Amino acid sequence: MLATSYKFEFFLRLFFIFFSILTFYFVAKLVGGVGMAHLEPYGGDYFSFVLIGIAFSGYLMTALRSFSESIRGEQMMGTLEAMLVTPTSASAIITLSSLWNFIFTSFRVLMYLLIGILLGVDMSNANIIGAMAILILTIICFGSIGIISASFIMTLKKGDPINMFFMGTSELFGGVLFPITVLPEWLQTISHILPITYSLSGMRHALLQGYSLHALAPEIIALLVFSVVLVPSSLLAFRYAVNKAKVDGSLVQY
Amino acid sequence: MQKGFTDFFLHPLAKDEITAVEEVNIKIEKGELFGILGPNGAGKTTLIKMLCTLISPTEGTAYVNGYDIAKDSGKVRESIGFITADERSFYWRLTGRQNLKFFASLHNFYSYDAEKRVDELLSLIGLENRADDRFLSYSAGMKQRMAIARGLLNDPAVVFMDEPTKALDPGAAQNLREFIRERIVKEQRKTVFLSTHHLGEAEQLCDRIVIIDQGKIKVIGTIGELKSDLHKPNPTLGDVFVHHTGKEFKEEMAEHPQSGRRRMVHGMHGGRMRGMRF
């Protein structure tokens, strides 16, 4: 309700998606066939590659920002205390507060894909079920990272190391703008410990090349392993952070 | 600045800790309007926030409506309403009705039930005609009535009020006091735990009061008992306060019909709660 009360900002954000996509469309024209060997596993077209990268990396950015920003936003507005005195748990409040951001990100991803198709990206062979499986696991992994990030905000108020680490490394090592095979081998090791690498790789294979669930198994298994580690870790971290803030009396401080 | 520049680097993790509430032992009867009085920083708000499960005690425990605040915090929150004078605790860009419906959803109301309950409360606080105006257009008195409506959404057994008349002009404050006494306590039979530093307000409203200072109970009882314990002619609640806290008052222009508005001259700094015992 609050987000839709800022109607101008909503339409402005949608409008600038076009500019973002057009920028990469023309960059792709410039790049042409350069680095074709690296793009071959994803269909060989740079514009298709980068379109999926910037569209779906939005989920990571949303997860990293929305949980911690919703806590900080409610703290600064003064509404957090009134929310936490209700029977709804703190974790449910934070998750629900971020829901709008995830809905808007999904809408934005849809816009990216539609505009991409209009500009010639071929998704005629897309495996929608495979893409949905990757998407669900992606949201679970990224959401968990976002909740760990929010736990740091709850405790430290500012200077969250999780946010800084993933923001700083994902674009460079996660295969958002270029395939990770472009990186020297020793740097690719970092790529392999980031969930975004598997999310984007799986999504490209599912949407651009129509890989079957069986062919997507390496990415699905990797994301499942990340989920198994990250989900309980995030819940524990958040519970610890809330309890610590309650003992310190700093729940609504910012 | 709390720390010097050198301290910032030499002791980066050191924290300033203050015992805000200590060895507090209170029992409040059902349907009672109980007041907690103290100067700014005495620990009133910290105590209320502990009972509302917003702050955890490092020692001891308390029961609210029969539930342990540490072990059954969810049940405690189902049983209570929290009314604060902080008007920032609402979404100013939303209407009064939208705000109440949002908080009703956090109390697990279904949409239809939420609408019904919100209508009842808007009628109770007399804001039905302004319910669809944005919160930012409300006067201070209307905002405070909205806080009361929000505090009553879940029909709580116990209502905590943290200085509910703080931001109101004398007329609005008096109306609110009457509303609390007549509608919330007499009519709805709620148990009310009210913090204030207006002695007249406590005198007008409360069945019993506790005076706390520096996080500790100084005295507890009915206002009549506390006055008669002074053994002096025509004692005021201000005399009781000075007797037990040793702090002077500065009398301001009368806001309250009986004893005028009084405010503490000597406050204390609030801080983090450590070592509370109930």
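Heavy atoms only: backbone and side chains are in, while hydrogens, waters and symmetry mates are out. All values reported here derive from a predicted model rather than from experimental measurement. Protein chains get the first letters and strands the later ones, always in sequence-line order, with residue 1 at the start of each.
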> Considering all heavy atoms of both residues, which atom of H107(B) and which atom of P87(A) are nearest to each other, and what is their separation?
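Here H107(B) and P87(A) meet closest at ND1-CD, 3.2 Å.
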> Nearest 0.5 Å, please: how far is OG in S56(B) from NZ in K244(A)?
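Result: 12.0 Å between the selected atoms.
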> Go through the steps for V247(A) and T58(B) under the test side-chain contact (heavy atoms from CB on, under 4.5 Å), then give the verdict.
CA-CA 7 Å; V247(A) 170; T58(B) 46; 3.7 Å; yes
> Out of R150(B), K49(B), R77(B), return the one with the most heavy atom pairs under 4.5 angstrom to chain A.
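Highest number of heavy-atom pairs under 4.5 Å: R77(B).
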> Kindly check if the number of other-residue, nucleotide or ligand heavy atoms within 6.0 Å of CG (L22(A)) is above 12?
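Enclosed.
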> Mind listing the closest non-hydrogen atom pair of D86(B) and G78(A) along with its distance?
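For D86(B) versus G78(A), the nearest heavy atoms are OD2-O, 4.5 Å.
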> What I'd like to find out is whether the side chain of F90(B) reaches to under 4.5 Å of the side chain of M77(A), using heavy atoms alone.
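No, side chains not in contact.
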> Under a 4.5 Å heavy-atom cut-off, does chain A meet the side chain of I80(B), its backbone, both or neither?
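When you check distances to chain A, only side chain atoms of I80(B) fall under 4.5 Å.
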> So, for I93(A) and L106(B), which heavy atoms are closest and what is the spacing to 0.1 Å?
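Scanning both residues completely, I find the closest heavy atoms to be CG1-CD2, 4.3 Å.
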> Determine whether more than 12 heavy atoms belonging to other residues, nucleotides or ligands lie under 6.0 Å from atom OH of Y240(A).
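Atom OH in Y240(A) is not crowded, with 12 or fewer foreign heavy atoms closer than 6.0 Å.
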> Taking the side chain as every heavy atom from C-beta outward, state whether E81(A) and F82(B) have any atom pair closer than 4.5 Å.
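SC-SC contact between E81(A) and F82(B) confirmed.
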> Write down the atom of A82(A), the atom of S89(B), and the distance for their closest heavy-atom approach.
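Minimum heavy-atom contact is CB-O, 4.1 Å.
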> Less than 4.5 Å to any heavy atom of chain A: does that hold for the side chain of K75(B), its backbone, both, or neither?
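For K75(B), there is no contact with chain A at all, as no heavy atom is under 4.5 Å.
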> Might you point out which heavy atoms bring Y91(B) and T79(A) nearest each other, and give the distance in Å?
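Where Y91(B) meets T79(A) most closely, the heavy atoms are OH-OG1, 3.7 Å.
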> Is the closest side-chain heavy-atom distance between T88(A) and N108(B) below 4.5 Å?
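Result yes, sub-4.5 Å side-chain heavy-atom pair found.
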